[in-house]
Every structure is written in C-alpha cells, then in structure tokens.
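Structure, as structure tokens:
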Amino acid sequence: MITIRSEREIALLRQAGNVVYKTHQYIKPFIKEGITTNELNRLAEEFIISNDCTPSFKGCEGFPYALCISINDEVVHGFPSERTLKNGDIVTLDIGACYKGYHGDSGWTYKVGEVDPVLEDLMKYTEESLFVGLSQIKPGNRVGDIGFAIAKYAKEHKLGVVKELCGHGVGTEVHESPDVPNYGKQGTGPLLREGMVIAVEPMLTLGSPSIYVDSNDWTIITQDHSPSAHYEHTVVVTKDGYEILTGE
Ligand code: MG
Ligand code: MG
C-alpha cells in the first residue's frame, strides 16, 4: 500500500530528513585518508542521537550498524570496520535517521583525497542521474518515468545500472511501497500523487552492473569489482513537482 502523508507527517519527515542532511555535512570533513569506517560510523551515530533521532538502519531487517559505508566496488550495505580509507578511494555513506517515528534516507558518494578522473566522472554522472530522475516527479507522472530517465542518462554516459536494488517509499518505515527502480518504461508503474514520499537512489557502475552478496550476507559488490557510485534523496511529491526532504 502506498501512503499519502498529511501535512503533520510531512513536517516530521522534513525534520528527519534535515537531520540526515546535517549528518552528511557534519561527517564530510572527516572523510580523509587514514580514518577507519568504524570511526565515521561512530561519529555519525553520535551526531544523529544528539539531534533527537535514532539511526534508521541499525536493526533494520537485522542490519547491525547505524551507517552503511561502501568503498569502491562495494555498491551498498557495506559494514563499518577497522578498514581505513585510502587516497583515491570513493566511499558511499548511506545515512538514515528516525524522528518521532518518521524516517529520512540519503546516500552520497564522496572522494578520499585525489581520485582518478574516471571516478570523478562516475560520481558526477551518478549524482546528475539522481536529479534527472527527480525531475520526472510530479503528480500524474508514474514511477516508471523516474527509472526510465535515470537508465537513459546512465546509458548516455556508458555507466551500468544495478537493477537488483532500488529506491522506495519512506514514512513510518524506512522502506515502504512503492519500489522505485532505476530503470523502467515511461508511463508505467504506480501513479505519483501529492503527499507521496519516496527515496530515489541510482546506483551506477563503471563496468558491468552485475553484483554479488558478500559472505557477511549484506554487502553488495560488483561482480567485476568495478567501482560504483550511489546518490540518494528522500523527496515528497508536491502539487506541481517535488520537495527534497534530505537537502538544505
Ligand atoms: Mg534508500
Ligand atoms: Mg539510503
């Protein structure tokens, strides 16, 4: 079931989304060579809690950490660990926060020091593909319009689209209906209506989009170990477009 949120609920989702955004801004300066991903996870978790929220992902379907931190060929659901970031890595921090029972969800890929120009392009085009997808959001359009636009943009830039994972509704659960795939057919899928809240999250790869699940049963890694980027915002469908809840 797809829920239409009331003004009161949207205000709470906006609060949660704002804490997610602020956590990204808080953690960004710490993303440097030598820091462990455990440390990034600890800092972000403390920040989320100090802002009257709880980390959405901790315990979600059994995920053991506050953040998903995924490096290079890890697409999503990376476990924080004693692994240190290296100059030239790209690292995705997926952050979720829950405020008074309502969630916000936003993932973002960051570079560590100086990265190869090919990775700069992967990041740039994946971020742009998020906004290309978001530009399709208005009442009357359909979920398939979002995925179609993302996949078309990815193809134009010769990037792979990971199809096994997708965006989703967001509300009193961090993952709700509908699924929001990063591919699709125009004019198909659930109708977008004012008050729907969804997370759009393209995951694009430099090489093949085939993936496998790590032996930890969570982390998704590209089959050919090519690097992957991931950008995500939670948005609410408005009267004539959308409002980003996990932005400024
Ligand atoms: Mg998400
Ligand atoms: Mg996320």
Side-chain angles (χ1 to χ4, degrees), residues 2-3 5 13-14 16-28 31 37 40-41 44-45 47-48 53-71 74-80 90-99 102-110 123 126-127 129-131 133-134 137 143 146-147 150 161-184 190 196-204 211 213 218-221 228-237 242-247:
I2 300 173
T3 308
R5 299 293 167 186
L13 288 156
R14 201 178 275 123
N18 184 250
V19 170
V20 172
Y21 173 75
K22 287 197 302 192
T23 309
H24 272 288
Q25 300 315 305
Y26 168 73
I27 207 76
K28 220 164 129 177
I31 302 172
T37 53
L40 292 175
N41 179 71
E45 184 168 10
F47 187 84
I48 289 167
C53 289
T54 54
S56 299
F57 303 146
K58 199 174 191 176
C60 177
E61 293 164 44
F63 190 80
Y65 302 96
L67 260 55
C68 303
I69 305 184
S70 310
I71 302 172
E74 297 171 349
V75 182
V76 288
H77 304 163
F79 279 14
I90 60 172
V91 59
T92 302
L93 271 64
D94 201 345
I95 302 177
C98 181
Y99 179 74
Y102 289 82
H103 296 270
D105 183 9
S106 173
W108 217 256
T109 302
Y110 299 96
M123 293 173 64
T126 308
E127 183 179 350
S129 80
L130 166 62
F131 289 93
L134 292 177
I137 298 179
V143 165
I146 302 170
I150 290 170
V161 177
V162 176
K163 292 189 169 166
E164 290 85 346
L165 299 144
C166 57
H168 48 88
V170 180
T172 50
E173 302 287 339
V174 70
H175 296 134
E176 297 186 352
S177 286
D179 283 347
V180 183
N182 296 305
Y183 61 95
M196 271 172 67
V197 177
I198 56 173
V200 178
E201 49 179 315
M203 289 151 257
L204 305 186
I211 49 110
V213 184
W218 272 102
T219 308
I220 306 288
I221 303 171
S228 169
H230 174 210
Y231 292 84
E232 174 184 32
H233 270 313
T234 301
V235 307
V236 58
V237 183
Y242 64 94
E243 175 193 336
I244 294 174
L245 299 175
T246 45

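Reckoned from all heavy atoms, side chains included, excluding hydrogens, waters and symmetry mates. These figures come from a predicted structure and were not determined experimentally. Remember, it's 1-based here, ligands and their atoms both numbered in the order they're listed. Residues take their numbers from the sequence shown, with the count starting at 1.
- In the model, Glu201 has a side-chain atom that pairs as donor or acceptor with a side-chain atom of His168 under 3.5 Å.
- Salt bridge Arg5/Glu176: present, at least one basic N to carboxylate O contact under 4.0 Å.
- Not one N or O on the side chain of His103 forms a donor-acceptor pair closer than 3.5 Å with the backbone of Leu13.
- Within Glu232, the N/O/S atom positioned nearest the Mg ion (ligand 1) carries the name OE2.
- Nearest to the Mg ion (ligand 1), among the N, O or S atoms that His168 has, is NE2.
- Within Glu201, the N, O or S atom lying nearest to the Mg ion (ligand 1) carries the name OE2.
- The name of the N, O or S atom in Asp105 nearest to the Mg ion (ligand 1) is OD2.
- Panel note: side chain Asn41, backbone Leu67; a donor-acceptor pair is recorded below 3.5 Å.
- Looking only at its N/O/S atoms, Asp94 has OD1 as the one nearest to the Mg ion (ligand 2).
- A donor-acceptor contact closer than 3.5 angstrom links the side chains of Thr92 and Thr109.
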